[in-house]
Amino acid sequence: MTLTAGAMLAGGVTATSAQAASPAPPSITAKGGYVMNNATGRTLFSKAGGTKLATGSTTKIMTAKVVLSQRNLNLDSKVTIQKAYSDYIVSRNASSARLIVGDKVTVRQLLYGLMLPSGCDAAYALADKFGKGSTRAARVKSFIGQMNSTARTLGLRNTKFDSFDGISNGGNYSTPTDLTKLASNTMKNSTFRTIVKSKTTKQKVTTRSGGYRYMDWKNTNKLLGTYPGAIGIKTGSGPQAKYCLVFAATRGGKTVIGTVLASRSEPNRNAEAKKLMDYAFKR
């Protein structure tokens with residue numbers, strides 16, 4: 001009996017230790033949230049992980065993915081900024097990289113303008129450059145088609161795009177799980193990783209007259225520099241989307257990556273992303 005009691009006691013201690021080592025999952029007010037171990041793909045937290053929700057400018061992760069997946073991509077090739085891009089920004093009251101008509105901007109610079117200040121003008125320029133067709137409308141449609149075919153290739157079954165920037169016509173959605181998997185895949189690209197971890201950038205662009213100007217862009221992702229180990233990735237917001245954030249951080253050789261969708265405010269999305277990462281690093 002003594003041995004049995006001792007074994008029971010030992011078993012009890014072990015169970016208690018295991019419980020202590022595994023923290024309770026956090027509570028978040030955002031409609032959806034998901035975090036996984038980036039190396040293994042293991043789910044560490046999920047709230048409505050498979051629920052279709054509006055994505056706002058986190059859509060631009062796929063915009064970047066499609067550009068970076070182009071065959072024989074030359075990141076230093078130049079794109080001339082068209083009036084249509086600035087007209088679009090004004091008509092939609094959209095977030096802007098403040099691109100100036102007539103300037104010649106490289107594809108790499110457009111990716112910075114896309115991901116840091118969340119420039120919808122940069123997104124339009126990239127869609128126009130890498131879509132196929134004889135008219136701008138046809139090229140944009142083609143580019144959005146590439147976004148959707150890439151989603152299918154990646155197995156993102158609950159994701160659909162109807163825009164190059166997240167300003168939706170009603171058919172732009174994803175899930176916390178799908179967006180996290182998209183971000184994880186895109187983070188395999190070294191150019192993308194370098195861009196999304198940048199807090200600021202200063203880019204020299206060629207003007208219409210052949211001179212140059214500097215574009216200063218700040219990252220809308222406030223986790224960079226405020227959350228230890230943060231390495232990206234993309235903010236989003238909008239009337240339908242509310243406040244969204246796709247985030248990633250690395251500590252001690254472990255990278256966690258995740259998404260918060262439809263949070264009630266910018267401070268709230270940041271706080272809940274931090275909460276999810278804190279939890280994920282303890283798992």
Side-chain angles (χ1 to χ4, degrees), residues 14-28 30 32-50 55 58 60-62 64-65 67-69 75 108 111-112 114-116 150 153-156 159 174-201 218-236 244-261 263 268-283:
T14 303
T16 305
S17 301
Q19 286 170 353
S22 183
S27 173
I28 61 170
Y34 183 84
V35 189
M36 73 179 192
N37 181 314
N38 191 53
T40 65
R42 178 177 165 234
T43 298
L44 302 175
F45 174 92
S46 183
K47 174 187 176 181
T55 57
T58 61
K60 290 168 180 154
I61 298 170
M62 180 59 91
K65 169 69 180 173
V67 170
L68 291 165
S69 299
L75 288 166
R108 189 193 313 274
L111 288 167
Y112 272 98
L114 175 79
M115 300 305 291
L116 271 65
T150 302
T153 299
L154 294 176
L156 310 180
T159 296
S174 189
T175 71
T177 302
D178 275 6
L179 267 181
T180 302
K181 289 178 178 178
L182 167 62
S184 177
N185 180 275
T186 312
M187 285 290 273
K188 292 176 182 177
N189 183 283
S190 60
T191 299
F192 185 80
R193 288 198 306 274
T194 298
I195 291 170
V196 298
K197 73 178 182 184
S198 302
K199 288 170 65 179
T200 61
T201 188
K218 289 182 180 177
N219 203 318
T220 56
N221 182 5
K222 300 292 184 358
L223 294 188
L224 296 171
T226 65
Y227 186 83
I231 55 172
I233 295 172
K234 186 72 191 75
T235 61
C244 311
L245 182 59
V246 180
F247 52 85
T250 300
R251 289 187 195 167
K254 177 181 179 180
T255 298
V256 299
I257 188 164
T259 299
V260 168
L261 291 182
S263 188
N268 195 65
R269 78 177 173 198
N270 293 343
E272 295 198 325
K274 288 177 181 179
K275 191 189 287 190
L276 292 183
M277 286 189 286
D278 285 345
Y279 173 71
F281 279 120
K282 292 172 185 172
R283 294 289 307 279

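Count residues from 1 along the sequence. Because the structure is predicted, anything quoted here is derived from the model rather than measured.
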Self-check item: Results of side chain to side chain donor-acceptor pair (under 3.5 Å) for T180 - residues two or more places apart only
Solution: T259
Exercise. Compare every heavy atom of F281 with every heavy atom of A249, then report the nearest pair and how far apart it is.
Key: O-CZ, 3.5 Å
Self-check item: Straight-line distance of M115 CE to T201 OG1, nearest 0.5 Å
Solution: 13.5 Å
Quiz item: Could you state the interatomic distance from CZ (R42) to CE (M36), rounded to the nearest 0.5 Å?
Solution: 12.5 Å
Quiz item: Given the rule in the side-chain contact (heavy atoms from CB on, under 4.5 Å) test, do Y112 and T194 qualify, once you have shown the distances and angles that lead to the verdict?
Solution: CA-CA 10 Å; Y112 272 98; T194 298; 3.7 Å; yes
Quiz item: How about C244 and T55: do any of their side-chain heavy atoms sit closer than 4.5 Å?
Solution: no
Exercise. State, yes or no, whether a side-chain contact exists between I257 and I233 at a heavy-atom distance under 4.5 Å.
Key: yes
Quiz item: Going by the salt bridge (Lys or Arg N to Asp or Glu O under 4.0 Å) test, which pairs reach into residues 219-234, not counting sequence neighbours?
Solution: K222-E266
Quiz item: Who passes side chain to side chain donor-acceptor pair (under 3.5 Å) against R193, sequence neighbours left out?
Solution: none
Self-check item: Value rounded to 0.5 Å, distance of CG in L182 from CE in M62
Solution: 4.5 Å
Quiz item: Is the closest side-chain heavy-atom distance between R251 and P228 below 4.5 Å?
Solution: yes
Self-check item: Set of residues satisfying side chain to side chain donor-acceptor pair (under 3.5 Å) with respect to Y34, sequence neighbours excluded
Solution: T43
Quiz item: Looking only at heavy atoms, what is the nearest atom pair of P176 and A48, with distance?
Solution: CD-O, 3.5 Å
Quiz item: Who pairs with T235 by side chain to side chain contact (heavy atoms under 4.5 Å, CB included), at least two apart in sequence or on another chain?
Solution: T220, N221, L245, R269
Practice problem: Check the surroundings of atom NZ in K197: do more than 12 heavy atoms from other residues, nucleotides or ligands lie under 6.0 Å from it? | Solution: no
Exercise. With rounding to the nearest 0.5 Å, note down the distance linking CE in M277 to OG1 in T255.
Key: 11.5 Å
Quiz item: So how far is it from L116 CG to I195 CD1, rounded to the nearest 0.5 Å?
Solution: 8.0 Å
Quiz item: What is the minimum heavy-atom distance between V35 and F247, and which atoms define it?
Solution: CG2-CZ, 4.0 Å
Exercise. Report yes if some heavy atom in the side chain of L75 is under 4.5 Å from a heavy atom in the side chain of L111; otherwise report no.
Key: yes
Quiz item: Just one of L179, T175, V246 clears the side chain to side chain contact (heavy atoms under 4.5 Å, CB included) bar with L261, so which one?
Solution: L179
Exercise. Using the test side chain to side chain contact (heavy atoms under 4.5 Å, CB included), find all partners of A230 that sit at least two apart in sequence or belong to another chain.
Key: L223, L224, Y227
Exercise. Go through the structure and list residues passing side chain to side chain contact (heavy atoms under 4.5 Å, CB included) with N185, not counting sequence neighbours.
Key: K65, L154, K188
Self-check item: Pairing residues for A30 by the side chain to side chain contact (heavy atoms under 4.5 Å, CB included) criterion, not counting sequence neighbours
Solution: I28, V260, S263, E272
Self-check item: side chain to side chain donor-acceptor pair (under 3.5 Å) against N219, all qualifying residues, sequence neighbours excluded
Solution: none
Practice problem: Test R283 against F45 for side-chain contact (heavy atoms from CB on, under 4.5 Å), laying out the working first. | Solution: CA-CA 10 Å; R283 294 289 307 279; F45 174 92; 6.0 Å; no
Quiz prompt | Stepwise side-chain contact (heavy atoms from CB on, under 4.5 Å) test for S174 and L156 | solution = CA-CA 8 Å; S174 189; L156 310 180; 5.9 Å; no
Quiz prompt | Polar side-chain atom of K254 near backbone of N37 as donor-acceptor pair, under 3.5 Å | solution = no
Quiz item: Given T191 and L68, is the side-chain contact (heavy atoms from CB on, under 4.5 Å) satisfied, shown in steps?
Solution: CA-CA 8 Å; T191 299; L68 291 165; 4.2 Å; yes
